[in-house]
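In what follows, a structure is listed as structure tokens, so that the remarks can point back to it.
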Amino acid sequence: MSGDTGLRPATRADLSATPLECAPTLLGAHLVTTIDGERTTLRVTEVEAYHGRGTGDRPDPGSHARMGKTNRNATMWGEPGHLYVYLSHGIHSCVNVVCGPEGLAGGVLLRAGEIVEGADAATRRRLERGGVVRASVDLARGPGRLGDAVGLRHPQHDGIDAITGEPRGGAVARLLLPTALVAGIATGPRVGVAGVAGTDAFPWRMWIAGDPTVSPFRWGRGAREAAQAGPARRTGADAVLD
DNA sequence: CCCTAGATGCAT
DNA sequence: TGCATCTAGGGG
């Protein structure tokens, strides 16, 4: 079994490796946000890695960075440890931790987590944005809900520094990493990502196996096509690494 | 330009 | 399944 690992403040060096390498180290991490004096702590339970051209050993067709630098995704090219906050479907603000060296695009999407402090504030933020809260495990279950719960929004908080904790847009964010890799990390295809390369080439979703706050798997366009050609997958899980 | 599709969530 | 509603790419 896994003993409780400790936590320590993240450094830029911790996040200067490729997103795929950084992703598992972010499971169990804490993202602490303070907005209008209200503090919320998120324990990260599910992530996805996204590379840019030139990062890692192959191009990533699912990444916002795949077509090069734009106004929207510029934060992905910046220093590691900042947060890339983007608008999804014109509605949801989703949060990535920028990874890899400055000048090379990359990030790890925080897909789900457990609110371990500030559940009242997180609940209110979600309700204010038109969400519904049925159970506390659902507060940050899914990237859109997670963004609402921690209070980070596009565009005002895009690029906020989670290493120094420098305020941006009225918010402060800090990232704490586990001192050891958490046990029971499951891997599988990313959710909702279309792409000609399909599922099997990019099992870049990672989560803490069995954790109730992990978001439900949903077939993406590319994932469905790939699955039809290969073995059936119901849960999206490829493997559990201990 | 206009159309489509998207790293989503929610009601129907 | 459709909608909310913003960004970006691809095709006229």
Side-chain angles (χ1 to χ4, degrees), chain A residues 18-20 22-23 26-27 31 42 44-53 55-56 59-77 83-100 105-113 115 122-123 125-159 187-199 201-207 213-226 236:
Chain A
T18 67
L20 191 52
C22 291
L26 286 164
L27 291 173
L31 177 65
L42 173 86
V44 178
T45 60
E46 179 187 357
V47 297
E48 284 175 358
Y50 288 89
H51 283 185
R53 287 183 68 84
T55 306
D60 180 357
S63 174
H64 286 170
R66 69 190 180 282
M67 284 307 181
K69 199 175 189 174
T70 66
N71 255 345
R72 179 204 201 192
N73 64 22
T75 300
M76 292 184 81
W77 271 261
L83 303 182
Y84 167 47
V85 182
Y86 75 94
L87 196 60
S88 174
H89 289 260
I91 301 173
H92 308 292
S93 290
C94 302
V95 181
N96 296 248
V97 176
V98 174
C99 295
V108 173
L109 172 67
L110 305 183
R111 276 198 61 88
I115 300 295
T123 300
R125 290 174 187 142
R126 292 230 31 232
L127 295 176
E128 282 173 357
R129 308 227 82 227
V132 292
V133 179
R134 297 191 176 89
S136 59
V137 292
D138 289 336
L139 272 176
R141 190 171 188 241
R145 292 169 170 177
L146 186 151
D148 283 346
V150 302
L152 294 175
R153 302 238 266 273
H154 174 90
Q156 61 264 46
H157 300 137
D158 180 34
T187 66
R190 294 175 295 189
V191 177
V193 177
V196 288
T199 287
F202 299 92
W204 289 0
R205 174 179 175 234
M206 302 182 197
W207 65 96
T213 64
V214 171
S215 71
F217 182 77
R218 273 149 56 175
W219 292 105
R221 228 185 161 91
R224 185 172 283 291
E225 289 167 15

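Note that this is a predicted model, so its numbers are computed, not measured. Proteins get letters first, then strands, A, B, ... in listed order; numbering begins at 1 in each.
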Under-4.0 Å side-chain N/O to phosphate OP1/OP2 contact, A/Thr70 with C/dA8: yes
message: Tell me whether the side-chain N/O atoms of A/His64 come closer than 4.0 Å to OP1 or OP2 in B/dA7.
response: yes
- request: Return the value, rounded to whole Å, for the distance between atom CG of A/Asn96 and atom P of B/dA7.
  value: 11 Å
task: Please tell me which of the listed nucleotides, C/dA8, B/dT8, C/dA4, lies nearest to the side chain of A/Arg72?
output: C/dA8
query: Sub-3.5 Å donor-acceptor pair from the side chain of A/Asn73 to the main-chain atoms of A/Thr70, do we have one?
result: yes
query: How close or far is atom P of B/dA11 from atom CG of A/Asp138, stated in whole angstroms?
result: 12 Å
query: Looking at side-chain heavy atoms only, is the closest gap between A/Leu83 and A/Leu31 below 4.5 Å?
result: yes
message: Between C1' on B/dC10 and CZ on A/Arg141, what's the gap in Å once rounded to a whole number?
response: 14 Å
task: Please state how far atom CZ in A/Arg66 lies from atom C1' in C/dG10, giving the value in whole angstrom units.
output: 12 Å
message: Under 5.5 Å centre to centre and under 30° between planes: does that hold for A/Tyr50 and the six-membered base ring of B/dA7?
response: yes
query: Are A/Asp60 and A/Arg190 ion-paired here, with the side-chain N under 4.0 Å from a carboxylate O?
result: yes
- prompt: Base, sugar-phosphate, or nothing for A/Arg134, non-hydrogen atoms under 4.0 angstrom?
  reply: sugar-phosphate
message: Counting only side-chain heavy atoms from C-beta out, which of B/dT8, C/dG10, B/dG9 sits nearest to A/Arg126?
response: B/dG9
Separation of the P atoms in C/dG2 and B/dT4, to the nearest angstrom: 14 Å
- request: Give a yes or no answer on whether the side chain of A/Thr55 reaches the backbone of A/Ala105 with a donor-acceptor pair at less than 3.5 Å.
  value: yes
- request: Send over the distance from A/Glu46 CD to B/dT8 C1', rounded to a whole Å.
  value: 13 Å
message: Applying the side-chain contact (heavy atoms from CB on, under 4.5 Å) criterion to A/Thr75, which one of A/Asp158, A/Asn96, A/Val85 satisfies it?
response: A/Asp158
message: For DNA chain C, report each stem as range with range, ordered by first number, or say none. Use Watson-Crick or G-U wobble pairs under 3.5 Å, at least 3 in a row.
response: B:1-6 with C:6-11, B:8-11 with C:1-4
message: Please classify the nucleic acid contact of A/Arg129 as base, sugar-phosphate, or nothing, using heavy-atom distances under 4.0 Å.
response: nothing
statement: Per atom distances to the A/Val132 side chain, the nearest of B/dC10, C/dT5, B/dA7 is B/dC10
message: Classify A/Leu87 by what it touches in the nucleic acid, base, sugar-phosphate, or nothing, heavy-atom distance under 4.0 Å.
response: sugar-phosphate
statement: To the nearest angstrom, the NE2-C1' distance between A/His154 and B/dA7 comes to 14 Å
query: Which nucleotide in the set C/dG9, B/dT8, B/dC10 lies at the smallest distance from any side-chain heavy atom of A/Pro143?
result: B/dT8
field: Between B/dG9 (C1') and A/Asp148 (CG): distance, integer Å
entry: 9 Å
- request: Classify the ring geometry between A/His51 and A/Trp204 as parallel (under 30°), tilted (30 to 60°) or perpendicular (over 60°).
  value: tilted
task: Report the residue (A/Gly68 or A/Gly90) whose heavy-atom-nearest nucleotide on DNA chain C is the more 5′ of the two.
output: A/Gly90
- request: Using atom CZ of A/Arg145 as one end and atom C1' of B/dA7 as the other, report the distance to the nearest whole Å.
  value: 16 Å
message: Closer than 3.5 angstrom, by distance alone: can the side chain of A/Arg141 be matched with the main-chain N or O of A/Val137 as a donor-acceptor pair?
response: no
query: Under the 5.5 Å and 30° test, is A/His92 stacked on the base of B/dT8?
result: no
task: Might you confirm whether atom CZ of A/Arg66 has over 12 heavy atoms from other residues, nucleotides or ligands at distances under 6.0 Å?
output: yes
